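No hydrogens, no waters, no symmetry mates; every other heavy atom, side chains included, goes into these values. Every value quoted in this text rests on a predicted model; they were computed, and no experiment measured them.
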Amino acid sequence: MSIAPTHISITMYSITHDDTGSPLPRAPLTAFRQSTLFSITIISLVSCILMLPVWWFGLPTNSHDAKVHASWQYHFSAQLWSGDIFPRWLPGMNEGFGSPSFFVYPPLSQYAASLLAPLSDSVAWVHQRIGIAATAAFILSGVGTSLWLRKVTHDKTSALVGAIVLLAAPYHLFIDTYYRAAYAELWAFACAPFALLAIHLFRDRVDMALLIYTAATAALLFSHAPSCVALLPAYIAYAALLSIIYKDKKIFVWTCIATGIAVLIAGSYLGTALTHQDNINKAALFAGNLDFSRWFMFSTAPWANTNMQMGLTSTAVLQVCIAMLLGLVVIKREALNRRRQLLAGFTVVASLIILFMMSGVSAPIWRALPVLQKVQFPWRLLVVQTLCLAMIASLFASSLRSNARNTRNASLRLVTPVVILGLIAVNFAMGVYTKPSFMTSAPLRVRDAPEYQLGSIHKASTLFQNAEKFRLLAGNGHISVETISSREMRLHVKADTTVNFVIRQFYYPGWECSVPAQKTYCSLGKYDNDLPVIRIGAAAGDQVLALRLLPSVYDQLGFYATLVGLVLLAVLYVFVPRFKRSVPVCATNKRACDSSFLEETQIA
């Protein structure tokens, strides 16, 4: 019997709609939970194996940023657990002169590691805390990717393949973890897949999608600012693609709305970070050797670090080539599945665009768009390309599984394990070449990154002897500390005459001096490059001076923006239309509940 004139496409999903937008029956919740638990277990095991030295010893001490993250963690966690809810000024950094790190740097990664501080408050445990938190971020990135790609492929095995590819991708595993110790960017990787998952959920569960997307995107903004510049446009583009595929405008509309709410929720950080950059050594962050124009791939100018240039360039080419080859295979094989073709085409085009934007040819675009320069290094766009690589690997695996009976698939079935093993081999080879070293007892860095040094530490140190906290410059008197915290100091001053003295803390805009409950005065000196510390003038007498680092107008506006964002989210969550779940058909169709049957199947 021939049915050639008619093509019948049967698609069984564990979600709620088919490619045309029609409701589909759901698998039982128990089966979904079991398959999800299995995926989480596999991802956790793979992550722990790949990150074994990190969660056991901490990030490599000879990597770029491990020591500064460990030093931040030591001071940040101590202030947090002493009652400072949002530590911004770290008074113990820079040899005790203080640092404004978290007026500008996102704090989420430090909060994550600080959760372990009550159990490991010694200096020796700081590196392990960072390592354990980095491993947690690594696992979260895999779990989030698995959940997201299950929405893309409607197949748990294919989604698991994509998640493992993300974990094994050289940029994610070796470059970010073992070479650069880009701890905050690992948390950006952990947030991104959950936002992409939520974009799919906007089709049928707007209320749930709104919560997941805003939480994931706000967490991204609180994690790693440069990654936001790359990922937020990618979210919008992905939402536009899904709106076209499913002919459903609300996916794009709700993604834009939720992005705006997430930005508002992150206002308590953004309001400060965007307005305090002129208060730090911004030249050390974006100029000189860190100017974006010095970090293009395939340019004639060599990088300052040739090993890094070779590693990142080869990583970019490898990941893009794999994505293109797998993508072209999927496009060719899925001639009857427009959705898969569009998704595969999207990953190929996105990978090529990213490769172009990382090359020197794109320099005019970077100069024309100053916001792009906030990425700092063009190769940071690899965070988006790595997600594209995971998606195309999952689509490729799904394409093979949906045509499992096709004998021509025999050789193609070897591609996925070869890709995964090949990626792991590349990571191992780069590790052998660079030789990451681990030392749990590594001393903490006493100086912050150059951009957070507010003056010459050497010059400022000459004012103080034997680590003293104060130095009397003029007048007769005695000074002692009553209380000191990150944003407030109370000083007891006994002076026979008017006195002028300096404090062992860098000057920073926002410090104010007052004499509570006394009719006297104290004054704060202006910034002086030759004397970059806090200078105070006080009247004669026995008095207590209160120094406070007060929030600026923009800090307060950011706080109110966060409140507005949370209120908007709550209101929309309560009043947004709730889409009814489709009725399970397990009672009448037992096969539909079998998780192995929940994959795209074509019958011709």
Donor-acceptor contacts under 3.5 Å from residues 166-174 side chains, at least two apart:
unit_1, atom_1, unit_2, atom_2, d
Tyr171, OH, Glu185, OE2, 2.6
His172, ND1, Leu166, O, 3.1

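One finds the CG atom of Leu197 at 12.5 Å from the OH atom of Tyr213 (value rounded to the nearest 0.5 Å). In this structure, Tyr573 OH and Leu211 CG are separated by 5.5 Å, a value rounded to the nearest 0.5 Å. The OG atom of Ser141 lies 10.0 Å from the CH2 atom of Trp187; values are rounded to the nearest 0.5 Å. Note: Phe194 CZ to Leu201 CG = 11.5 Å, rounded to the nearest 0.5 Å. Going from atom OH of Tyr235 over to atom SG of Cys256 covers 14.0 Å, rounded to the nearest 0.5 Å. Atoms CG and SG, from Leu326 and Cys388 in turn, are 12.5 Å apart once rounded to the nearest 0.5 Å.
In this structure, Phe57 has its ring center no closer than 6.0 Å to that of His127. Ring to ring, Phe76 and Tyr111 are close: their centroids are under 6.0 angstrom apart.
Of all non-hydrogen atoms in Ile265 and Gly565, the two that sit nearest each other are CG1-C, 3.7 Å. Annotation for Leu140 and Ala190: closest pair CB-CB, 3.9 Å, computed over non-hydrogen atoms. The heavy-atom pair separating Thr153 from Ala159 by the smallest distance is OG1-N, 4.1 Å. What you find for Ile139 and Ile43 is that their closest heavy atoms are O-CG2, 3.9 Å. Taking each heavy atom of Val384 and Ala234 in turn, the nearest pair found is CG1-CB, 4.0 Å. In terms of heavy-atom proximity, Val68 sits nearest to Asp65 at CG1-O, 3.2 Å.
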Practice task
Show your reasoning for whether side-chain contact (heavy atoms from CB on, under 4.5 Å) applies to Val165 and Thr416.
Solution key: CA-CA 9 Å; Val165 167; Thr416 299; 5.8 Å; no
Handout entry: Steps toward side-chain contact (heavy atoms from CB on, under 4.5 Å) verdict (Trp55, Gln128)
Key = CA-CA 6 Å; Trp55 62 262; Gln128 281 91 335; over 6 Å; no
Problem - Worked check of side-chain contact (heavy atoms from CB on, under 4.5 Å) between Met358 and Ile354 - result: CA-CA 6 Å; Met358 293 188 297; Ile354 290 168; 3.8 Å; yes
Practice task
Evaluate the criterion side-chain contact (heavy atoms from CB on, under 4.5 Å) for residue pair Leu231 and Leu387; output intermediate values, then yes/no.
Solution key: CA-CA 10 Å; Leu231 284 168; Leu387 291 166; 3.7 Å; yes
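Within the 3.5 Å criterion, the main-chain N or O of Ser351 finds no donor-acceptor partner in the side chain of Gln385. Side-chain atoms of Trp148 never come within 3.5 Å of backbone atoms of Ala192 as a donor-acceptor pair (strictly under, hydrogens ignored). Between the Thr347 side chain and the Ala344 main chain, a donor and an acceptor come within less than 3.5 Å of each other. Under a 3.5 Å cut-off, the side chain of Ser146 and the backbone N or O of Gly142 do not form any donor-acceptor pair. Between the Ser63 side chain and the Pro60 main chain, a donor and an acceptor come within less than 3.5 Å of each other. No donor-acceptor distance shorter than 3.5 angstrom exists from the side chain of Ser109 to the backbone of Ala184, with no hydrogens or angles considered. Here the side chain of Ser314 pairs a donor or acceptor atom with the backbone of Gly311 at under 3.5 angstrom. The closest donor-acceptor contact from the side chain of Thr217 to the backbone of Thr259 lies at 3.5 Å or more, if one exists at all. Formation of a donor-acceptor pair under 3.5 Å by the Asn62 side chain with backbone atoms of Lys435 is found in this model.
Within the 4.5 Å cutoff, the side chain of His224 has heavy atoms near those of the Arg380 side chain. Side chains of Leu423 and Ile322 form a contact here, defined as non-hydrogen atoms less than 4.5 Å apart. Inter-residue side-chain proximity for Leu400 and Arg333 is flagged as met; some heavy-atom pair is nearer than 4.5 Å. Side-chain atoms of Val161 and Ser394, non-hydrogen and from C-beta on, never get closer than 4.5 Å to each other. For the pair Phe189 and Thr386, the minimum side-chain heavy-atom distance is below 4.5 Å. The shortest side-chain heavy-atom distance between Ile424 and Phe428 does not fall under the 4.5 Å cut-off. Here the side chains of Val329 and Val415 are not in contact, with every heavy-atom distance at 4.5 Å or above. Pro436 places none of its side-chain heavy atoms less than 4.5 Å from the side chain of Tyr179.
A side-chain contact (heavy atoms from CB on, under 4.5 Å) with Leu343 is found for one member of Val330, Ile392, Ile331, Val152 and no other, namely Val152. When each of Gln341, Arg340, Arg339 is tested with Glu334 by the rule side chain to side chain donor-acceptor pair (under 3.5 Å), just one qualifies, namely Arg340.
Using a 4.0 Å cut-off between charged side-chain N and carboxylate O, Asp248 and Arg203 make no salt bridge.
Judged purely by distance below 3.5 Å, without hydrogens or angles, the side chains of Gln73 and Gln110 pair a donor atom with an acceptor atom. Side-chain contact check for Arg129 and Ser77: at least one donor-acceptor pair (N or O, by modelled atom type) lies under 3.5 Å. Between the side chains of Tyr238 and Thr255, no donor N or O sits under 3.5 Å from an acceptor N or O. Between Arg150 and Ser35, the side chains place a donor N or O and an acceptor N or O closer than 3.5 Å (distance only, hydrogens not considered).
Here His69 pairs with Trp72, Tyr183 under the ring pair (Phe, Tyr, Trp, His ring centres under 6.0 Å) rule; sequence neighbours left out.
Between Trp379 and Phe377, the ring planes lie parallel to each other; the angle is under 30°, not in the 30° to 60° tilted range.
The neighbour count for Phe356 CZ, taken as heavy atoms of other residues, nucleotides or ligands under 6.0 Å away, is above 12.
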